[in-house]
Amino acid sequence: MSTFHTALRDLGIQAVNSGGSTGAGWWSGRNDGTLVSSINPSTGEQIAGVYSCSAEDYQRIVTDSLEAFRTWRLVPAPKRGELVRLIGQALREKKDQLGTLVSLEVGKIKAEGDGEVQEMIDMTDFSVGQSRMLYGVTMQSERPAHRMSEQWHPLGPVGVITAFNFPVAVWAWNAFIAAIAGDTVIWKPSPKAPLCAVAVQQICNRVMQQQGYPGIFSLCITDQPALADQMVQDDRLPLISFTGSVPVGRRVAALVGQRLGRTLLELSGNNAVIVDQTADLDMAVRAIVFGAVGTAGQRCTTTRRLFIHESRYEELLGRLVKAYAQVRIGNPLEKDVLMGPLIDQVAVECYRAALDEIKKEGGEVLYGGHVLNRPGYFVEPTIVRAKNEWPIVQRETFAPILYVMPFQTIDEAITLQNNVPQGLSSAIFSNDVRHGEQFVSAAGSDCGIANVNIGTSGAEIGGAFGGEKDTGGGREAGSDSWKAYMRRQTNTVNWGRELPLAQGIKFGS
Ligand code: NAD
């Protein structure tokens, strides 16, 4: 039995090639629709097909989700948290198998696949605690015998659209907080990772059904932009949480904006590390290699630009080239492999096109730059001397290409780092407390995430995750991000016998 079939069997999935969508405890069971293929990017071979959600399935999912919401919103939040705690236990039991499935379907190394599942588990723990802390505030009324306060209510069914590169964790960031907030969740996963979505749905809904709460989490798998558009335009979904590229995110924002719905946008990054003259290079090299090469450069927080103080430039480049030469590329499930494949042939062509453009601009490839001649979608991690203003450097190429550039002053480095359309993650390596503090000051990095002596990728849950500018402004997974999944209501209660008006207005006698 293949690793893939073993993983599926252990996840309790009997037949992945039938049924594509689940609502309130049902699978569509149709086998007459179009198939969404799940491809193993390490081999390029199809591993399964999943029947996609039809327009009728979608309507049924939304109706069921609304119906489930009417009950769920009245379940006390700590009780909702208790159900999420049970999901956390189920995920702990399936961590190894689900981590393997992530590796098989999107090509992450096993440690990163398992790490994604751990992030889901962490999100359940966080959400359980949060379920007792959906705090509103009280205000002092200017009118006698009046009490003012605000409270937070559930919002409704939330549409969650996710990217391929975090096929399980990003859903968990949204779904578990939405669930404790009293919302139901309709998930449209990336059609490049349908099996991960089926597995997650099975694990979580099994728990919810056992506890008597079907229909809180539903799944709509499609590769049809028209159906995705329908979901985005559906005014029964008060919030669309979208994770993906800037062009698709822009379109989603415009469509949801037209109906005055809410969006939570988590879009592309173009993240930089600054290494100054005082930096600990041992730490910097490890963080840069993990940030630039990890997940084959397919993280939104991947390190794509590196600004090195001119006094450390050649030394750091030499060490990076040596470290890159140690990176074992191959089957992500094999021990000691550090870099798996890109997701598909289109990604390989984007990598190739980026290198052609770099060469036309006059960029010098210092390491890598080749597509590997083997089955699957493997490329070399690549280091290039470049200039920040080149259009190719200003864009996010979702591949392991690192642009290196020297600088002279910290002001110059911060200006360069900010000088791109995106604003997700950023980092400085420095032992100069002034440089570190300047970097995280209001005049420093303009990103949603700014780190000192830590790389750009590998954020922990608990902090609000997200970015500014073209990255979309959304914040998920930590801090007060729960507020995005609830509606705020201000209550003024008059317990007196008079009807005084605010601002001292007298109206009639
Ligand atoms: P993508 O934009 O191609 O797809 C994202 C999702 O949008 C998929 O589910 C896709 O099917 C869906 N989609 C496609 N057309 C749609 C439409 N018309 N309406 C609604 N949805 C539609 O992105 P991708 O290639 O899957 O993922 C990579 C991108 O995601 C990168 O740019 C990366 O930086 C970004 N990303 C951002 C974060 C973050 O938290 N900021 C996290 C992960 C990935």
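Count residues from 1 along the sequence. Remember, it's 1-based here, ligands and their atoms both numbered in the order they're listed.
Using a 4.0 Å cut-off between heavy atoms, E476 makes no contact with ligand 1 at all. With a heavy-atom cut-off of 4.0 Å, T243 touches ligand 1 through backbone and side chain alike. At a heavy-atom cutoff of 4.0 Å, ligand 1 is contacted by no atom of V170, backbone or side chain. Residue contacts with ligand 1, taken as heavy atom pairs separated by less than 4.0 Å, do not involve P247 at all. If you look at I343 next to ligand 1, there are no close heavy atoms at all, none under 4.0 Å.
Ring planes of W187 and W171: parallel class, angle under 30° (limits at 30 and 60°).
At least one N or O atom of F164, backbone or side chain, sits closer than 3.5 Å to an N or O atom of ligand 1. Geometrically, ligand 1 and T471 share no nitrogen or oxygen pair separated by less than 3.5 Å. The shortest N or O to N or O distance between E396 and ligand 1 is below 3.5 Å. For ligand 1, the polar-atom distance check against R299 finds no nitrogen or oxygen pair separated by under 3.5 Å.
If you check each of P167, A347, A163, G249 against atom 27 (O) of ligand 1, the one with the closest non-hydrogen atom is A163.
A search for side chain to side chain contact (heavy atoms under 4.5 Å, CB included) contacts involving R250 returns V246, D470, not counting sequence neighbours.
A donor and an acceptor atom, one from each side chain of N174 and Y485, are located under 3.5 Å apart.
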